[in-house]
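Residue numbers begin at 1 in each chain, while the letters A, B, ... track the order of the sequences.
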Amino acid sequence: MSSKMQPVRGTRDLIGADARRHHAVAETARRTAGLYGFEEWFTPIFEDTAVFARGLGDTSDVVSKEMYSFEDRGGDSITLRPEGTAGVCRALVSNGLTQTLPQKVFYAGPMFRYERPQKGRYRQFHQIGIEVLGAAEPLADAEVIACGWQILNALGVAEGVVLEINTLGDAASRDAYRAALIEHFSAHQDKLSHDSKVRLEKNPQRILDSKDEGDRAIVATAPTIDAYLTPEAASFFEAVQGYLTLFGVPFRRNPRIVRGLDYYSHTAFEFVTDRLGSQGTVMGGGRYNGLVEEMGGPATPSVGWAAGMERLSLLMEAVGNDPRPPRPVAVIPQGEGAETAALSLVQKLRQAGITAEMAYRGNLKRRMERANRQNAHAALFVDAAGAIEMKNLDSGDQYALSEDAAIAALGG
RNA sequence: GCGGUCGUAGCUCAGCUGGUAGAGCGCCAGGUUGUGGUCUUGGAUGUCGCGGGUUCGAGCCCCGUCGAUCGCCCCA
């Protein structure tokens with residue numbers, strides 16, 4: 001047992017039902033995002049460390065202690081991407097696409113974070129995400145959110161998932177609010193939890209998010225951002241909510257939502273569920289202005305979200321959404337010398353676009369049992385002369401027919 | 001990085017106050033040169049996560065370690 005190779009901590013294999021769910025998440029999201037005009041980009045899985053260090057801001061744990069960074073043989077500092085947005089912004093600049101805005105991007109793939117693994121959280125995990133790059137209009141925020149909502153619905157997991165939105169305001173609002181929060185929490189500093197005392201130094205808004213009982217009482221009396229919003233920031237947030245209502249996307253205001261990464265401003269949102277324990281955020285995002293500039297491009301107002309594929313798969317499993325592979329047709333040679341005729345038939349079926357299988361070995365009983373296990377919907381018995389009988393494995397009906405008739409009947 | 005719980009067959013799990021392993025499912029083969037999902041008979045599979053300690057003797061007790069899991073932190 002000890003010599004058995006195991007995947008490294010925080011990684012895992014996706015096989016069978018897990019693999020099918022994972023694939024369904026990516027495929028459903030890709031297709032749905034396509035309906036909204038998003039096109040998929042494939043950016044590298046690793047980047048120059050500066051792409052993330054600069055992009056995400058150094059107050060986040062993601063940068064300060066969770067990155068998989070290493071020096072390559074040429075002496076460059078390389079980092080396995082911990083999230084998708086920074087790489088997409090870098091690619092926008094690298095490819096000169098700042099001249100052709102807006103760009104609507106979909107991505108899906110592995111991300112890496114050195115964290116303590118938990119259910120729905122791995123060191124190699126997978127995200128899907130979309131970004132609208134180069135649109136300052138609140139309509140873009142609403143469109144991005146609506147697309148996310150449609151994906152959750154298409155996956156059948158929208159039940160029990162709630163959209164919570166908030167605004168972080170523009171720079172002026174944010175600074176004023178931050179000052180107010182520091183004042184409020186400093187006044188109660190002695191009653192704050194240890195974690196929140198640290199937050200007060202690093203990122204006071206994070207205290208709003210605290211799960212500590214004692215903190216919550218202090219948070220309850222904390223000011224909300226509304227009084228500190230500039231008129232522009234307030235009307236922007238109003239507009240986003242108006243479009244969401246127009247699009248029929250239900251939401252609820254949660255003034256305690258903050259974002260983990262530094263680049264966010266204005267709209268912040270999370271799709272949350274209570275079915276996943278402490279990994280309740282299923283899709284999260286918001287507006288970010290300034291990230292593209294960090295990559296050396298022009299100011300490019302943008303908005304997007306990312307979702308954890310593992311968490312979406314977990315939700316699919318919880319609601320019993322179990323994608324099945326297509327039901328094959330089982331081709332079964334009958335009698336001596338029938339193998340050649342059967343093989344030629346199975347190949348013709350496949351070329352006609354029909355999912356067909358023929359077992360490598362086994363007697364008739366074994367082949368039938370195997371057909372059953374594969375959930376085959378029909379069996380085609382072929383004899384040495386090439387004569388075919390088709391049996392419907394659901395109804396049990398069986399009759400002889402020609403090869404062409406069989407292909408036609410099976411939808412080829 | 002911190003705290004709680006748990007590691008026995010491919011899977012789900014049982015195993016008494018310590019006496020060197022069991023069930024169900026699954027798998028393989030037979031009953032059936034022949035038409036499946038039913039039934040029936042038989043069979044294979046474990047250094048009891050790993051390492052050390054206590055003991056005449058450890059799956060069970062102790063220590064360590066690795067892994068999973070739950071919560072914190074953080075985040076999707």
Please state how far atom [atom1] in [X] lies from atom [atom2] in [N], giving the value in whole angstrom units.
X	N	atom1	atom2	answer
A:Met358	B:G36	CE	C1'	17 Å
A:Glu310	B:A76	CD	P	14 Å
A:His194	B:C73	NE2	P	12 Å
A:His377	B:U35	NE2	P	22 Å
A:Leu393	B:U35	CG	P	14 Å
A:Glu369	B:U32	CD	C1'	11 Å
A:Arg373	B:C25	CZ	P	16 Å
A:Asp383	B:U35	CG	P	15 Å

- Separation of A:Asp215 CG from A:Asp195 CG (nearest 0.5 Å): 8.0 Å
- Query: How long is the span from the CG atom in A:Leu380 to the CG atom in A:Leu410, to the nearest 0.5 Å?
  - Reply: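 A:Leu380 atom CG to A:Leu410 atom CG measures 6.0 Å (nearest 0.5 Å).
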With a 3.5 angstrom cut-off on both distances, give the Watson-Crick or G-U wobble partner of [N], or none if there isn't one.
N	answer
B:U33	none
B:A23	B:U12
B:C72	B:G1
B:G64	B:C50

Choosing from [options], which nucleotide comes nearest the side chain of [X]?
X	options	result
A:Lys391	B:G3, B:G36, B:A68	B:G36
A:Thr281	B:C74, B:C73, B:A76	B:A76
A:Gln127	B:A76, B:U35, B:C2	B:A76
A:Gln334	B:G36, B:G34, B:C2	B:G34
A:Tyr122	B:A76, B:U69, B:C73	B:U69
A:Met368	B:G37, B:A76, B:U35	B:U35

Between the base of [N] and the side chain of [X], is there a donor-acceptor distance below 3.5 Å?
X	N	result
A:Arg311	B:C75	yes
A:Arg121	B:C74	yes
A:Lys365	B:G31	yes

- Quick one: are A:Val282 and A:Val272 in side-chain contact, heavy atoms under 4.5 Å?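 No - every pair of side-chain heavy atoms lies 4.5 Å or more apart.
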- Would you say the side chain of A:Val319 lies within less than 4.5 Å of the side chain of A:Arg275, judging by non-hydrogen atoms? yes
- Indicate whether OP1 or OP2 belonging to B:C74 is found under 4.0 Å from a side-chain N or O atom of A:Arg199. yes
- So does A:Arg366 get a side-chain nitrogen or oxygen closer than 4.0 Å to the phosphate oxygens (OP1/OP2) of B:A29? yes
- Examine A:Arg12 relative to A:Tyr122 and say whether NZ or CZ is less than 6.0 Å from the centre of the six-membered ring and inside a 45° cone about the ring axis. yes
- Query: Do the numbers put A:Arg81 on top of the ring of A:Phe52, so that NZ or CZ is under 6.0 Å from the six-membered ring centre and no more than 45° off the axis?
  - Reply: no
Please report the distance separating the [atom1] of [N] from the corresponding atom of [M], rounded so that it comes out in whole Å.
N	M	atom1	result
B:G15	B:G71	C1'	31 Å
B:U40	B:G57	C1'	42 Å
B:C27	B:A68	P	29 Å
B:A23	B:A44	P	12 Å
B:G46	B:U35	C1'	38 Å
B:U32	B:G36	P	13 Å
B:G31	B:A21	C1'	31 Å
B:G53	B:C11	C1'	34 Å

- Between A:Val8 and A:Asp394, who's closer to the 5' end of RNA chain B by nearest nucleotide? A:Asp394
- Query: Closest nucleotide of RNA chain B for A:Gly284 versus for A:Gln398: which of these residues is on the 5' side?
  - Reply: A:Gln398
Regarding [X], tell me which of base, sugar-phosphate or nothing describes its non-hydrogen contacts under 4.0 Å with the strands shown.
X	value
A:Arg9	sugar-phosphate
A:Ala306	sugar-phosphate
A:Gly120	base
A:Gly10	sugar-phosphate
A:Gly285	nothing

- Query: Are side-chain N/O atoms of A:Glu357 and A:Gln374 paired as donor and acceptor at under 3.5 Å?
  - Reply: yes
- Message: A quick test of your reading: do over 12 heavy atoms of other residues, nucleotides or ligands sit less than 6.0 Å from CD of A:Gln189?
- Response: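 Enclosed: over 12 neighbouring heavy atoms sit under 6.0 Å from CD of A:Gln189.
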